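Keep in mind that the numbers below use all heavy atoms, side chains included, and drop hydrogens, waters and symmetry copies. Bear in mind that the values here come from a model prediction, so they are computed numbers and not experimental data. All chains are named by letter (A, B, ...) in the order of the sequence lines, taking the proteins before the strands, and each is independently numbered beginning at 1.
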Protein chains: 4
Amino acid sequence: MSKKQDIMTATLDLIHEEGLQSVTFSKLFKRASVGSGTIYNYFANKEELVNEVYRESRTKMGEYLLQGYDANASLYERFKCLQLNRLRFGMHFPKRFLFIDSYSFSPYIDPVLRNQDDDYQSSQIVQELIVDGQRQGIIKEMDAHLCHQLIHGIISSILKGFFVNKYPLNEVQIQQMIEASWKAILV
Amino acid sequence: MSKKQDIMTATLDLIHEEGLQSVTFSKLFKRASVGSGTIYNYFANKEELVNEVYRESRTKMGEYLLQGYDANASLYERFKCLQLNRLRFGMHFPKRFLFIDSYSFSPYIDPVLRNQDDDYQSSQIVQELIVDGQRQGIIKEMDAHLCHQLIHGIISSILKGFFVNKYPLNEVQIQQMIEASWKAILV
Amino acid sequence: MSKKQDIMTATLDLIHEEGLQSVTFSKLFKRASVGSGTIYNYFANKEELVNEVYRESRTKMGEYLLQGYDANASLYERFKCLQLNRLRFGMHFPKRFLFIDSYSFSPYIDPVLRNQDDDYQSSQIVQELIVDGQRQGIIKEMDAHLCHQLIHGIISSILKGFFVNKYPLNEVQIQQMIEASWKAILV
Amino acid sequence: MSKKQDIMTATLDLIHEEGLQSVTFSKLFKRASVGSGTIYNYFANKEELVNEVYRESRTKMGEYLLQGYDANASLYERFKCLQLNRLRFGMHFPKRFLFIDSYSFSPYIDPVLRNQDDDYQSSQIVQELIVDGQRQGIIKEMDAHLCHQLIHGIISSILKGFFVNKYPLNEVQIQQMIEASWKAILV
DNA sequence: CATGAATGAGTTTTCATTCAT
DNA sequence: GATGAATGAAAACTCATTCAT
């Protein structure tokens, strides 16, 4: 199991450093300190490896997104928790976040994986939150998927600017972004 | 000039269909109906070709973003114009929009191009708009780059959801998104 | 066309010298004095190349087998012509003969090729000769395919012994083998 | 001993099904239900394994060929016995027969094995039979090796046609072939 | 003895690039 | 300018063999 993890970690690192299109197997073997044939014990080919890394990343993110989520908290508290989790996931695991963000719609990733269950649960919860807020008259009436994409997109975008050092992202800015995204969807 | 355009168009199409990493020259030649040597009359190598397509796309977007922009209009009118232009550019030129969005930070694209003048101007204008709004007490005090990224990111995100058919994007939804992004940054 | 022929000739030579299982592409490229990528301009992969060489060999043999065949000659004359042609083809083109003989039933060769038309014509003529001889009461009654295989097999076997220097094959021996195969099938 | 036999049987089966050049160790291990290292307890390498299977096949054939051979029987009886044995061996052990027939002159098989004692004895006996028949004026004067190859080749060829279902091989046909091969070598 | 994960040398295959026409 | 056959360096992949358990 360790060798497999070594390979997947090296893959994620290299994708982050040089982009998918320049990840070659020889770079991978050197980075993972693994013999060239070893990879084929675990993955049929490069595409399968990359997809496996993608799946793993999505699973990890799915778990992270629901950390400390309290279904009984107030609407805003629940919203804030989900948004903060997403932001913090990105800040703690920039490689995974960027990989997911960049390749989710790439033809290289099996479309089936895009809709996998792993973070489907958190997706469902966001969706429910929106509908709930709309029923309460707090959140503006609009397509729930559109609303979801909106608040999700704000976080993603902010993170990408942060990663290229456009601005710092301290507690002040974080708080501002949570509020901005909240205000964006209020009635 | 026609051959060169054929090649660039084929390049953009193939990147859109299969992703940069699987665009090979032989696919390109077939798609562009061009001999394999022809490309070297116009581009020194593949990287230069891709960067050229990137530059062209950025230029086209830069022009589009300022369509109908009236520096004397009200703050909201100016904001709305810029946001709408960005959204409409994405809807009219999805391949170009996605190419720019996906590869702007790819190591394949010359970093110099990222900061090119073509849409730098529109960037400047957004920036000025924000500062102006903050001076007037309309827009919330925050890092102008952060604010810029925020409103830009909402549009990008909404477009990507639209491209994968998560929801329709009619005038109603468009209006909602302009308003949402406006509310997000108000004091 | 020349490069393609160079490759096919080198392939046949190497199969003859070292056997199919040790024909590698690098040996092939050196032998054919061709760049490593060149082969893929003509053949999708090794299997296709080998099958092409097989097809070509069968075609050449098919032509050779009917040289000087006179449909109006006597039964024995016609028999002798066909047997001699087969024997002489083997002696003149040992590589082609042995390749056909060794790999006709190999899983490497597309079964469709085994039954190709190229030497089907000569096959038909042998078959007709046998039936004709049986009708005339000269050739013994037996399954025509069995009879065909019998006289064909004698030649093949004799040739293989000759190739490994078990015995010489001069006009005397050749005449003996023609007669032996003739006697074998008489009533 | 059982594991060793499992491996050798699997080897023969795979050679028969896919040809020597596509027998890989991983296929072998799966087929023989054996761990990949196990083979090296019995064989130094792949070549040795294949040669061992070849040797075993030749030994089995050598024994089979002399079944019921009576050195005191008439010339024709002895001839018939040897030819029938060869034919029956092929019909009972097609994989072994074809393996021997196909790879006897392959560079993969140690040339020493080709001339091994196991069926050398039967070879000697055929040879003596021919010389004896020639001395008696029954068998035509010709190179004894040539004659040997002739009668051997008829059987081999007939068998190969049978294996690909060109014709049935019942007692009638078998009797015809014995007679044909006998007539072929008579004065 | 038996196993199978790990290895890396060797093989196949791809593909950007060159160059003669 | 335009072409596409030819190239070979680099990439992907295979597979016999080793070795720790």
Output the rounded distance in Å from [atom1] ([X]) to [atom2] ([N]).
X       : N      : atom1 : atom2 : answer
A:Lys27 : F:dA12 : NZ    : C1'   : 14 Å
D:Asp6  : E:dT3  : CG    : C1'   : 15 Å
A:Lys30 : E:dT7  : NZ    : C1'   : 16 Å
C:Gln21 : E:dG10 : CD    : C1'   : 16 Å
A:Leu28 : F:dC13 : CG    : P     : 12 Å
A:Gln5  : E:dA5  : CD    : P     : 17 Å
C:Leu49 : E:dT11 : CG    : P     : 16 Å
C:Glu48 : E:dT13 : CD    : P     : 11 Å

Check your understanding: Closer than 4.0 Å, any side-chain N/O of A:Lys3 to the OP1 or OP2 of E:dT7?
Key -> yes

Point to revise | From C:Leu28, C:Leu20, C:Ile39, residue fulfilling side-chain contact (heavy atoms from CB on, under 4.5 Å) relative to C:Thr11 | key: C:Leu28

Gap separating the [atom1] atom of [X] from the [atom2] atom of [Y], nearest 0.5 angstrom:
X       : Y        : atom1 : atom2 : answer
B:His92 : B:Phe97  : NE2   : CZ    : 14.5 Å
B:Gln21 : A:Tyr103 : CD    : OH    : 6.5 Å
C:Phe93 : C:Leu12  : CZ    : CG    : 11.0 Å

Exercise for review: Using the side chain to side chain donor-acceptor pair (under 3.5 Å) rule, take C:Ser22 and D:Tyr108 through it: C-alpha gap first, then chi angles, then the decisive distance, then the call.
Suggested key: CA-CA 9 Å; C:Ser22 74; D:Tyr108 211 82; over 6 Å; no

Review point. Would D:Lys4 and D:Glu52 pass as an ion pair if we require N to O under 4.0 Å?
Key: no

Review point. Do C:Arg31 and C:Glu17 sit within salt-bridge range, that is, some charged N less than 4.0 Å from a carboxylate O?
Key: yes

Exercise for review: Report the secondary structure of DNA chain F in dot-bracket form, marking unpaired bases with a dot and bases paired to a different strand with |, and treating Watson-Crick or G-U pairs with both distances under 3.5 Å as paired.
Suggested key: .||||||||||||||||||||

Check your understanding: If you take all heavy atoms of A:Ala32 and A:Asp6, which pair is closest and at what distance?
Key -> CB-O, 3.7 Å

Exercise for review: Describe, in one word, how the ring planes of D:Phe29 and D:Phe25 are oriented to each other, choosing from parallel (under 30°), tilted (30 to 60°) and perpendicular (over 60°).
Suggested key: perpendicular

Practice item. Tell me which nucleotide among F:dA5, E:dT3, E:dT7 gets nearest to the side chain of D:Val34. Key: E:dT3

**Study point:** Sugar-phosphate or base contact per nucleotide [nucleotides 14-21 of chain F; S, B, -; heavy atom under 4.0 Å]
**Key:** BBSBB---

